[in-house]
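Keep in mind that the numbers below use all heavy atoms, side chains included, and drop hydrogens, waters and symmetry copies. Ligands are counted one by one from 1 in listed order, and the atoms in each one are counted from 1 as well.
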Amino acid sequence: MIIVMEKGHTEAQLDSVKGTIERLGYKPHCIYGVERVVVGAVGHEDKTPLQALELMPGVEAVIPILKPWKLVGREIKPEPSIIDVDGVRIGGAEIVVIAGPCSVESQEQILETARAVRASGAKILRGGAFKPRTSPYAFQGLQVTGLKYLDKAREETGLKIITEIVCENDLDLICEYVDMIQIGARNCQNFSLLKKVGQTRIPVLLKRGMATTIKEFLMAAEYIMSQGNYQVVLCERGIRTFEDSTRFTLDLNAVPVLKELTHLPVIVDPSHGTGNWKYVTPMGRAAIAAGADGLIVEVHPNPLEAYSDGPQSLKPAKFDIFMQEMRKIARVMERAL
Ligand code: PEP
Ligand code: MN
């Protein structure tokens, strides 16, 4: 249910509405919109009906939320959300580019990449320290050493940093170091991890699972938000289809569909979506044209020797050209980049 507060409501009235919601067995979520304050009352639908809250002072209306997702949808918050990653705002007029290697491999590698992507206009540095690999024998990441190397790259370049979490036991450690946490495709429906990350207040980049429908993807985001962390950015990164000319099939339909259904920002990963550096620029252009709020791209100083995802990584010089191409489309879309 959405409890819409009157324009001139008092703090005491709002507190009293929240208290009543809790007493009736629901969880209140306060959403401060541009126009109005609403309280989402979320919980099992078999509890006491909330319609009577309409009689409380300061309440304008009580409206049911028809969709299975409650906090993620446009019903509760029609205007787009902007997620602030320590000053880098995702979901506003500016297209935000996150770039860096698939894996952090050494201090030199991450520093060299960070300097290059910053010079080309990226705002956030990516780099995996804990890697979810298909084979247990493949490189699993430098772990805490990788986090330290990322931290040093942030210190030197001023870029914000993002890394993937694969196990909830690492949550506190990762939160100490990074500005944003990535939940990868393979953990998109790891509900226990989603809930744990939801209990923090760190911005989250949630990637779509390779076999996750858009509705399931939105419910995954709802898991995080249901715990009180509203700082969620969605990422389309390709789904598995019968097509085998590319690593995955980048589902750009997801961009306008998600934009219609949710107020959360949507970014696109053309690196994993194609698996081939040659297709990264055309699909990046298409993503911005489709309405994406940003891109996440893999860049490596020496892709031939990368520990992971070399074939889809751009060299720094190619990334610079990529950014010039993205700027052309951003201009057409009247977005800053
Ligand atoms: C990654 O970003 O390197 C990664 C593993 O992505 P995904 O979860 O989309 O496969
Ligand atoms: Mn990768």
Could you pull out the N/O contacts under 3.5 angstrom between ligand 1 and the surrounding protein atoms?
{"from": "ligand 1", "atom 1": "2 (O)", "to": "Arg126", "atom 2": "NH1", "distance (Å)": "2.8"}
{"from": "ligand 1", "atom 1": "2 (O)", "to": "Arg126", "atom 2": "NH2", "distance (Å)": "3.3"}
{"from": "ligand 1", "atom 1": "2 (O)", "to": "Gln182", "atom 2": "NE2", "distance (Å)": "2.9"}
{"from": "ligand 1", "atom 1": "2 (O)", "to": "Lys207", "atom 2": "NZ", "distance (Å)": "3.1"}
{"from": "ligand 1", "atom 1": "3 (O)", "to": "Arg126", "atom 2": "NH2", "distance (Å)": "2.9"}
{"from": "ligand 1", "atom 1": "3 (O)", "to": "Lys131", "atom 2": "NZ", "distance (Å)": "3.1"}
{"from": "ligand 1", "atom 1": "3 (O)", "to": "His272", "atom 2": "NE2", "distance (Å)": "3.1"}
{"from": "ligand 1", "atom 1": "3 (O)", "to": "Glu298", "atom 2": "OE2", "distance (Å)": "3.3"}
{"from": "ligand 1", "atom 1": "6 (O)", "to": "Lys207", "atom 2": "NZ", "distance (Å)": "3.0"}
{"from": "ligand 1", "atom 1": "8 (O)", "to": "Ala185", "atom 2": "N", "distance (Å)": "2.7"}
{"from": "ligand 1", "atom 1": "9 (O)", "to": "Lys207", "atom 2": "NZ", "distance (Å)": "2.9"}
{"from": "ligand 1", "atom 1": "9 (O)", "to": "Arg237", "atom 2": "NE", "distance (Å)": "2.6"}
{"from": "ligand 1", "atom 1": "9 (O)", "to": "Arg237", "atom 2": "NH2", "distance (Å)": "3.4"}
{"from": "ligand 1", "atom 1": "10 (O)", "to": "Arg186", "atom 2": "NH1", "distance (Å)": "2.8"}
{"from": "ligand 1", "atom 1": "10 (O)", "to": "Arg237", "atom 2": "NH2", "distance (Å)": "2.7"}

### Message
Checking side-chain polar atoms at under 3.5 Å, does Thr163 have a donor or acceptor matched by the opposite partner on Gln182?
### Response
no
### Task
Identify whether NZ of Lys or CZ of Arg in Arg240 sits under 6.0 Å from the centre of the six-membered ring of Phe248 and within 45° of that ring's axis.
no
### Message
By the definition salt bridge (Lys or Arg N to Asp or Glu O under 4.0 Å), identify the one residue from Asp86, Asp179, Asp151 that meets it with Lys160.
### Response
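By the salt bridge (Lys or Arg N to Asp or Glu O under 4.0 Å) criterion, Lys160 pairs with just one of Asp86, Asp179, Asp151: Asp86.
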### Query
Does the ring centre of His44 sit less than 6.0 Å away from the ring centre of Tyr26?
no
### Task
Please say which of Leu205, Thr262, Leu264 ends up in a side chain to side chain contact (heavy atoms under 4.5 Å, CB included) with Val232.
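The passing option is Leu264.
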### Message
Taking Glu105's backbone N and O only, do any of them form a donor-acceptor pair with Gln109's side chain (distance below 3.5 Å, no angle check)?
### Response
yes
Please tabulate, for the side chains in residues 278-290, all donor-acceptor contacts under 3.5 angstrom to protein atoms that are two or more places apart in sequence or on a different chain.
{"from": "Arg285", "atom 1": "NH1", "to": "Glu325", "atom 2": "OE1", "distance (Å)": "2.6"}

#### Entry: Test side-chain hydrogen bond (donor to acceptor under 3.5 Å, both in side chains) applied to Gln231 and Arg201, step by step
CA-CA 7 Å; Gln231 311 303 308; Arg201 294 296 175 264; over 6 Å; no
Got a list of side-chain donor-acceptor pairs under 3.5 Å for residues 55-69, not counting sequence neighbours?
none

### Query
Around the Mn ion (ligand 2), how many protein N, O or S atoms are closer than 2.8 Å?
4
